[in-house]
Novice: 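My questions will all concern the structure given below.
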Amino acid sequence: MKKILVTGGLGYIGSHVVVVLQEAGFDVTIIDDFSNSSIKVLENIFLITGIKPSFFEIDLKDKVKVDTFFKANKIDGIIHFAAYKAVGESVQKPLDYYRNNLEGLLNVLESMEQYQIDNFIFSSSCSVYGQADQMPIIEKTPLKRAESPYGKTKAMGEEIISDFTKAMNKNAISLRYFNPVGSHKSYLLGDKSSGIPNNLLPYITQTASGLREQLIVFGKDYETKDGTAIRDYVDVNDIADAHVLALQYLLHKKNKDKLEFFNLGSGTGSTVLEIIEAFERANNLKIPYTISNRREGDIQEAYADFSKAKEKLHWQPKTSLEISMKTAWEFEKKLKENEFKIPNH
Ligand code: UD1
């Protein structure tokens, strides 16, 4: 049984990936420092799969603890999620973001070198493309300079991994997620960030549940069909499946390059107003909203061409937007019932 380390395995995407890895027969170990997650997620993973993953509370900046972990645990592959992800906060606290996201990554890569671990999957973002000149975005679309320190840590992370894999003869995949939405079908895992949500869907679900008075739509003067910005919303369960396929691809040595990049998106662009409408229709609810100015750093349009992932990983998104909207809402309702609180960091 291959032993896979998932850093940040209690987070939104990480937790879904842990479940599908366990279901695919991998022996999963999680490292997380609870900076944007809760121990409750570990219990919920157990409720879903009946398997308790090994768990270590480690801050990846703590080189000694990281080293002690790798000395004691034989690992066949690493999926690295652990990172801060709030774009606005990263502008306020750039050094926290550079230190956390890059130092954590460097410590993990150093351990790969020291303990002969060959396979690495990086949790990247479509933010590395910035406002691309052409839609849909393919992996060869030229990268633009990221706006926020958060985005820069993803772009720099890819550069670091590229140099590292070449120099040390390691194999890596960088998965560039577009906009992950939805929750696990058990409604036990989902997008629960601490504080005020930055992303659209948790903001919508919190407005629907009465936690927020209204949604603010950032900008209606974009050159799009209804004036609001276009993104590619892709279900988190589909994203999770891609990690298992990417891991198998590396373990079976199917990769041609030391570092390969894959877009993970639905292939469809939706405006903010279309998402509100889809949520309302799927759940038979009304979302109160107002229009305000554009959010700084936002781009007009981004949606993916996922044909590379389809061809090489045999991945394609299976979940409709309607289902994602339903599961996102069911998760929010369950959170409210269970008073599932996550401490702020
Ligand atoms: C953001 C990050 C991106 C990160 C991704 C996933 C930026 C510039 N980019 O993407 O780097 O990888 O999250 O975490 O922040 N919107 C509203 N009202 C809201 C919230 C959002 O109108 O209250 C709009 C936004 O303007 C945008 C769309 O909804 O047009 C999606 O926003 P969001 O969910 O924050 O994702 P991105 O900005 O695409």
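In what follows, every heavy atom counts, from backbone to side chain, and hydrogens, waters and symmetry copies are set aside. Each ligand, and each atom within it, is numbered from 1 in the order the structure gives.
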Novice: Of the protein's non-hydrogen atoms, which lies at the shortest distance from atom 36 (O) of ligand 1, and what is that distance?
Specialist: Asn179 ND2, 3.1 Å

Novice: Heavy atoms only: give me the nearest Ile45-Leu10 pair and the separation to one decimal.
Specialist: CD1-CD2, 4.3 Å

Novice: Between Tyr203 and ligand 1, does any nitrogen or oxygen pair lie at a separation below 3.5 Å?
Specialist: no

Novice: Do other residues, nucleotides or ligands put more than 12 heavy atoms under 6.0 Å from the CD atom of Glu57?
Specialist: yes

Novice: With a cut-off of 4.0 Å, which atoms of ligand 1 are near a heavy atom of Val217?
Specialist: 22 (O)

Novice: For Leu250 and Phe120, work out which heavy atoms get closest and say how close.
Specialist: CD1-O, 3.7 Å

Novice: Are there over 12 heavy-atom neighbours, none belonging to Tyr289, within less than 6.0 Å of that residue's OH?
Specialist: no

Novice: Heavy-atom contacts with Ser127 under 4.0 Å: which atoms of ligand 1 show up? List them by number with element.
Specialist: 11 (O)

Novice: Look at atom 38 (O) of ligand 1 and find which of Arg295, Lys85, Arg212, Arg231 reaches it with the closest heavy atom.
Specialist: Arg295

Novice: Both conditions, 6.0 Å and 45 degrees, for the charged tip of Lys52 above the ring of Phe46: are they met here?
Specialist: yes

Novice: Is any NZ, NE, NH1 or NH2 atom of the basic residue among Glu260 and Lys256 found under 4.0 Å from an Asp or Glu carboxylate oxygen of the other?
Specialist: no

Novice: Which option, Asn198, Val87, Val272, owns the non-hydrogen atom nearest atom 24 (C) of ligand 1?
Specialist: Val272

Novice: Identify, for atom 12 (O) of ligand 1, the protein heavy atom at the shortest distance, and state residue, atom and that distance.
Specialist: Ser125 OG, 2.8 Å

Novice: Output the list of atoms in ligand 1 that are nearer than 4.0 Å to some heavy atom of Tyr233, sorted by atom number.
Specialist: 28 (C), 29 (O), 31 (C)

Novice: If the cut-off is 4.0 Å to any non-hydrogen atom of Gly297, which atoms of ligand 1 fall inside it?
Specialist: 8 (C)

Novice: Of the protein's non-hydrogen atoms, which lies at the shortest distance from atom 13 (O) of ligand 1, and what is that distance?
Specialist: Asn199 ND2, 2.9 Å

Novice: Taking the non-hydrogen atoms of Tyr150, is any one of them nearer than 4.0 angstrom to ligand 1?
Specialist: yes

Novice: Within the structure, is a non-hydrogen atom of Gly151 found at a distance of less than 4.0 Å from ligand 1?
Specialist: no

Novice: Mind checking whether Tyr233 and Ser266 have side chains closer than 4.5 Å, heavy atoms only?
Specialist: no

Novice: What residue and atom, counting heavy atoms only, is the protein's closest point to atom 30 (O) of ligand 1, and at what distance?
Specialist: Ala229 CB, 3.3 Å

Novice: Starting from atom 26 (O) of ligand 1, locate the nearest protein heavy atom and write down its residue, its atom name and how far away it is, to 0.1 Å.
Specialist: Asp298 OD2, 2.5 Å

Novice: Please work out which of Ile216, Leu200, Asp191, Leu215 has its closest non-hydrogen atom nearest to atom 18 (N) of ligand 1.
Specialist: Ile216

Novice: Identify whether NZ of Lys or CZ of Arg in Lys308 sits under 6.0 Å from the centre of the six-membered ring of Phe262 and within 45° of that ring's axis.
Specialist: yes

Novice: What about Phe218: any of its N or O atoms under 3.5 Å from an N or O on ligand 1?
Specialist: yes

Novice: Is atom CD of Glu147 surrounded by more than 12 heavy atoms (other residues, nucleotides or ligands) closer than 6.0 Å?
Specialist: no

Novice: Does Lys65, at its NZ atom, have more than 12 non-hydrogen atoms belonging to other residues, nucleotides or ligands within less than 6.0 Å?
Specialist: no

